[in-house]
Amino acid sequence: MLFYAVVGNPVKHSKSPQIHKMFAKQTDQELQYTAVEIEDVDFDEFVKDFFAEGGGGLNVTVPFKEKAFALAVDCSERACLAKAVNTLFMDGDKKLCGDNTDGIGLVRDLTVNNKVELQGKRLLLLGAGGAARGALAALVSEQALSVTIANRTLSRAEQLRDEFGDLVELQVKSFDQLGSEQFDIIINATSSSLSGETLPIDPAVIADGCCCYDMMYGAQATPFLSWAKENGARLALDGLGMLVEQAAESFALWRGVRPDTTPVIEHLINSGE
Ligand code: NDP
């Protein structure tokens with residue numbers, strides 16, 4: 001039986017083992033999937049040993065996505081754009097391959113699961129870390145009317161503009177420079193909700209019919225989503241669907257079959273697991 005894992009630190013809270021178990025059952029495949037917590041210094045060795053022992057594939061999460069990118073011999077275009085890898089596997093020539101399925105996971109959750117059109121919309125992406133990079137790598141091909149990035153540390157957002165500028169025109173702002181310019185879709189790719197903080201942005205940025213999306217998820221509404229609802233957003237969505245969608249893309253890369261994500265998302269929501 002082939003074995004798979006998600007590697008990160010911390011990772012014990014991860015829903016990935018549960019999600020992949022449901023995918024395997026649904027597609028009638030036998031596999032094992034575990035969560036492995038390791039120390040920073042052990043990452044490269046862990047990956048080499050995992051595949052040397054016959055591992056089928058790895059998901060990589062915080063804080064190892066950049067290390068995985070550096071280690072992979074062959075990376076997909078979207079992983080190269082994001083400079084981060086969340087999915088590792090060996091190809092037929094035993095070459096370590098890296099991909100990044102976070103961005104497509106986000107786009108599918110917005111457009112397929114929640115029927116949110118991106119084309120022609122004014123998009124605001126909050127954050128300039130790994131998740132924002134992964135998201136941008138997928139969002140650049142969605143033909144938004146405009147894409148603005150706002151980050152606490154302006155220089156990190158400017159860095160993204162320098163890297164992605166050939167693919168899409170990006171406006172870059174600090175939170176207070178946002179003023180009252182309005183947006184149709186606002187995506188929170190910061191980790192502010194992790195620390196229970198509300199971002200210092202003017203609620204006037206929420207346009208009529210606006211969709212607010214927090215990549216974070218949890219049993220309770222995140223501070224960002226509470227702020228969105230209080231200030232009139234039409235939709236306030238958390239990142240659970242993105243998590244399941246990015247996992248389905250990884251599963252498809254490894255197993256050649258894409259599971260149906262709808263029953264898995266419904267199960268996670270209804271069971272509260
Ligand atoms: P990084 O550490 O790479 O980046 C963190 C970002 O958040 C930076 O832009 C940072 O700004 C900003 N930030 C952190 N704290 C605050 C704060 N208190 N106020 C304002 N900005 C803040 O993290 P990731 O990009 O990897 O992850 C970001 C979030 O996305 C996490 O909550 C993670 O759980 C979620 N995520 C969800 C996924 C899913 O499938 N649903 C997939 C991937 C990520 P600065 O540059 O100024 O430090």
Side-chain angles (χ1 to χ4, degrees), residues 6-16 18-20 35 40 59-69 78-79 82-87 99-110 113-114 124-139 148-161 163 170 172-178 186-201 212-225 227 236-251 261 264-265 268-269:
V6 55
V7 57
N9 192 344
V11 81
K12 290 199 179 96
H13 64 284
S14 172
K15 291 183 193 294
S16 293
Q18 196 186 348
I19 292 169
H20 283 277
D40 213 22
N59 279 137
V60 181
T61 188
V62 180
F64 300 126
K65 290 182 188 179
E66 284 84 12
K67 284 198 167 190
F69 173 66
R78 58 196 181 188
K83 293 192 175 149
V85 155
N86 78 334
T87 308
D99 202 345
N100 188 315
T101 64
D102 284 335
I104 185 70
L106 168 72
V107 168
R108 282 191 65 97
D109 192 38
L110 279 167
N113 299 340
N114 293 289
L124 172 61
L125 182 63
L126 303 168
R133 286 178 165 278
L136 259 185
L139 290 171
T148 301
I149 303 179
N151 194 45
R152 183 176 59 181
T153 309
L154 185 61
S155 58
R156 289 187 81 192
E158 287 169 342
Q159 172 78 28
L160 286 189
R161 183 182 53 197
E163 287 179 32
L170 291 176
V172 166
K173 306 214 163 149
S174 61
F175 293 141
D176 53 2
Q177 285 169 346
L178 275 173
I186 304 176
I187 299 167
N188 182 19
T190 76
S191 41
S192 61
S193 291
L194 271 179
S195 49
E197 284 173 64
T198 306
L199 292 168
I201 51 178
C212 288
Y213 192 102
D214 198 341
M215 289 195 189
M216 259 276 294
Y217 51 86
Q220 316 293 332
T222 67
F224 174 72
L225 294 183
W227 170 88
L237 306 169
D238 75 14
L240 185 69
M242 172 180 175
L243 178 78
V244 176
E245 293 297 337
Q246 61 79 28
E249 296 293 325
S250 298
F251 192 92
T261 50
V264 177
I265 295 172
L268 291 172
I269 292 170

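Every number for a ligand or one of its atoms is a count from 1 in the order of the listing. This structure is a prediction, so every number in the text was calculated from the model and none was measured.
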**Request:** For atom 23 (O) of ligand 1, state whether the nearest protein heavy atom is under 4.0 Å away.
**Result:**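 Not a single protein heavy atom is under 4.0 Å away.
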**Item:** Exercise check, heavy-atom protein proximity under 4.0 Å to atom 33 (C) of ligand 1
**Value:**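 No, because not a single protein heavy atom sits under 4.0 Å from atom 33 (C) of ligand 1.
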Is a side-chain donor-acceptor pair under 3.5 Å present for [Y] with [X]?
{"X": "Tyr213", "Y": "Asn114", "result": "no"}
{"X": "Asn59", "Y": "Ser250", "result": "yes"}
{"X": "Thr153", "Y": "Asn151", "result": "no"}

Contact atoms of ligand 1, heavy-atom distance to [X] under 4.0 Å:
{"X": "Arg156", "value": "8 (C), 45 (P), 46 (O), 48 (O)"}
{"X": "Gly239", "value": "41 (N)"}
{"X": "Gly127", "value": "9 (O)"}
{"X": "Thr153", "value": "45 (P), 46 (O), 47 (O)"}
{"X": "Met216", "value": "32 (O)"}
{"X": "Lys65", "value": "43 (C)"}
{"X": "Glu197", "value": "18 (N)"}

Tell me, which protein residue and heavy-atom name are nearest [atom], and how many Å apart are they?
{"atom": "atom 37 (C) of ligand 1", "result": "Met215 O, 3.4 Å"}
{"atom": "atom 9 (O) of ligand 1", "result": "Asn151 OD1, 2.7 Å"}
{"atom": "atom 25 (O) of ligand 1", "result": "Ala131 N, 2.7 Å"}

**Prompt:** For Asp102, which of Asn86, Thr61, Val85 qualifies under side chain to side chain contact (heavy atoms under 4.5 Å, CB included)?
**Reply:**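 In the set Asn86, Thr61, Val85, the residue that makes a side chain to side chain contact (heavy atoms under 4.5 Å, CB included) with Asp102 is Asn86.
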